[in-house]
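One structure is given below, encoded as structure tokens.
Given the structure is predicted, the values throughout are model-derived calculations rather than measurements.
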Amino acid sequence: MLVNLNHIIEQVVKEKGIDRGILVEALESAVLSAANKKYRNTRDLEAHFNDELGEVELFEFVTVVDEVVDSYKEIDLEEAREIDEEVEIGDSLGMKIESGNFSRIAAQTAKQVIIQKVREAEREKVYNEFKDRVGELVNGIVRRYERGDLIIDLGLAEGLLPHREQVPRENYRKGDRARVLISDVKLSTKGPQIILSRTHAGLVSALFQFEVPEISEGIVEIKAVAREAGSRTKIAVASYDPDVDPVGACVGMRGSRVQNVVSELRGEKIDIVPWSPDVGRFVCAALAPAEVTRIYLDNEEQALEVIVPDDQLSLAIGKKGQNVRLAARLTGWNIDIKSETRAAEAAKDVQEETDELKEIPADEMPSEELSEIEVADAETAPEGVSEELKEATEANEEGSSEDPTV
């Protein structure tokens with residue numbers, strides 16, 4: 001090629017941010033592809049980029065032989081020594097071909113190969129840039145809607161905010177700023193696909209990490225997050241410094257820190273509760289602002305029965321069960337809430353059933369049950385008494401076996 005390609009390569013590297021070696025390889029591959037197409041793959045060709053000349057040089061390789069059978073891949077010794085006096089039989093001789101003498105179709109093929117290589121390099125670069133950033137908070141500009149999904153410009157690439165990952169009451173227009181969480185990065189045939197989210201619970205964690213220095217420094221840790229996007233979120237935090245209150249650190253001076261997060265989430269309510277290794281204490285905190293009277297734990301079933309004052313029942317359950325549902329997701333335990341009155345009635349019913357069983361006289365019990373008790377007593381009674389019981393039992397059995405009509 002007669003044009004110096006160094007300037008073009010440097011310009012593409014600067015604009016696209018693609019590695020120079022990838023572009024050089026693409027150029028060599030493009031020229032070789034065009035040459036093979038022109039010569040119909042009948043020759044052994046190689047392409048090499050010359051940095052000094054700024055062009056791709058094309059070489060044809062032939063084997064030195066005594067008698068030529070394939071003129072495209074072989075050359076006789078006499079002709080070969082006109083090019084290189086030191087060649088011997090069996091040597092491979094490379095001869096430079098003018099790479100600019102290709103047809104228009106061959107040149108177009110070279111162009112397509114270069115474009116394809118550049119696109120592949122761009123896709124790989126984007127994928128490598130974002131594949132390790134899953135869970136990261138990023139800023140973008142809304143570009144357009146596509147069938148309910150939002151396309152957001154992230155700078156190096158465009159991300160997809162699917163309809164399912166959008167908060168229902170949030171609306172965006174072209175040019176609006178959007179703060180989103182990278183939830184997934186996929187590599188498809190069309191290139192890398194960056195999936196974004198506004199509903200993911202990790203968005204709340206990322207926002208608090210941005211607003212609260214103690215979290216980014218590792219002094220305060222977010223232990224768990226339970227979220228119903230657009231409505232309410234519960235977040236459990238713990239402190240590794242006894243002098244630092246984890247809840248106070250997240251709330252900030254006059255609520256400034258948590259208010260910034262609430263504003264970014266368009267008014268979503270946020271409950272910040274202290275995490276505790278004690279399940280009972282943690283559940284009580286998670287059910288805030290409701291007060292808890294007592295708790296019964298079932299470790300095997302990972303379930304709790306929570307008793308609250310009558311006037312706190314609706315507050316503990318929340319609107320459409322939201323408060324207790326979020327508390328259960330936050331703690332990882334199944335929570336059953338009862339009022340004190342209902343719990344007392346249930347306990348009274350159980351006690352009454354127990355008392356009724358105790359008060360039934362032995363002679364009013366069914367005969368089958370009575371016989372079983374007598375037999376059991378006979379087996380466990382003292383010797384003198386047990387003999388009388390056994391005799392009575394045997395007589396009873398003999399009498400029952402006789403025909404009642406006799």
Side-chain angles (χ1 to χ4, degrees), residues 8-20 22-23 26 111-211 216 225 227-233 257-270:
I8 298 174
I9 291 173
E10 295 301 331
Q11 187 175 0
V12 174
V13 168
K14 185 177 180 181
E15 291 179 358
K16 302 292 185 179
I18 301 172
D19 184 76
R20 190 176 190 277
I22 294 175
L23 279 179
K111 180 181 178 182
Q112 290 174 356
V113 172
I114 293 173
I115 293 172
Q116 183 181 357
K117 285 286 187 179
V118 169
R119 285 178 179 173
E120 288 176 358
E122 286 180 334
R123 290 171 180 174
E124 187 176 354
K125 180 186 176 185
V126 170
Y127 178 72
N128 291 333
E129 174 69 24
F130 287 94
K131 68 178 181 179
D132 297 325
R133 297 177 64 183
V134 174
E136 184 177 324
L137 188 68
V138 293
N139 293 316
I141 304 296
V142 176
R143 291 304 180 201
R144 60 189 181 277
Y145 272 96
E146 289 186 359
R147 299 179 182 179
D149 300 337
L150 269 176
I151 306 300
I152 298 179
D153 186 0
L154 302 177
L156 290 175
E158 288 185 339
L160 177 69
L161 182 62
H163 181 71
R164 67 179 182 277
E165 298 292 340
Q166 300 174 29
V167 179
R169 59 188 183 85
E170 290 184 355
N171 296 313
Y172 291 94
R173 293 178 296 178
K174 184 178 178 180
D176 286 352
R177 181 192 68 86
R179 215 169 187 183
V180 291
L181 185 84
I182 300 176
S183 61
D184 195 11
V185 179
K186 302 177 181 177
L187 191 58
S188 63
T189 53
K190 296 182 180 179
Q193 192 175 32
I194 305 167
I195 309 299
L196 309 173
S197 177
R198 283 281 298 175
T199 62
H200 199 286
L203 178 65
V204 180
S205 300
L207 288 171
F208 270 103
Q209 186 171 358
F210 182 80
E211 294 290 341
S216 57
V225 179
R227 185 185 185 202
E228 292 189 359
S231 179
R232 192 172 184 179
T233 293
R257 292 175 177 176
V258 69
Q259 191 56 48
N260 290 337
V261 177
V262 170
S263 299
E264 182 59 45
L265 298 176
R266 309 284 181 93
E268 185 174 312
K269 294 179 181 178
I270 298 178

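Residues Gly148 and Gln166 approach most closely at O-NE2, 3.0 Å, considering heavy atoms. Minimum heavy-atom separation, Leu137 to Leu181: N-CD1, 4.2 Å. Shortest non-hydrogen contact noted between Phe130 and Val185 is O-CG2, 3.3 Å.
Atom CD of Glu228 has more than 12 neighbouring heavy atoms from other residues, nucleotides or ligands inside a 6.0 Å radius. The local environment of CZ in Arg119 is sparse, with at most 12 non-hydrogen atoms from other residues, nucleotides or ligands closer than 6.0 Å.
Remark: Glu264 engages Arg177 in a salt bridge, criterion side-chain N to carboxylate O under 4.0 Å. Looking at Glu170 and Arg198, a side-chain N of the basic residue comes within less than 4.0 Å of a carboxylate O on the acidic one, giving a salt bridge.
With Arg257 contributing its side chain and Phe208 its backbone, the two residues share no donor-acceptor pair below 3.5 Å. Thr199 places no side-chain N or O within donor-acceptor distance of the main-chain N or O of Ala229, the cut-off being under 3.5 Å. Counting only distance, with no hydrogens or angles, the side chain of Glu268 and the backbone of Gly230 share a donor-acceptor pair below 3.5 Å. No donor-acceptor distance shorter than 3.5 angstrom exists from the side chain of Asp153 to the backbone of Gly140, with no hydrogens or angles considered. No donor-acceptor pair under 3.5 Å is formed between the side chain of Asp176 and the backbone N or O of Tyr172.
Note that the NZ atom of Lys131 and the CD1 atom of Ile182 stand 14.0 Å from one another [nearest 0.5 Å]. Within the model, atoms CD of Glu146 and CD1 of Ile151 stand 4.0 Å from one another, a figure rounded to the nearest 0.5 Å.
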> Would Glu158 and Arg144 satisfy salt bridge (charged side-chain N to carboxylate O under 4.0 Å, His left out), going step by step from the backbone distance to the final call?
Replying inline: CA-CA 11 Å; Glu158 288 185 339; Arg144 60 189 181 277; 3.3 Å; yes
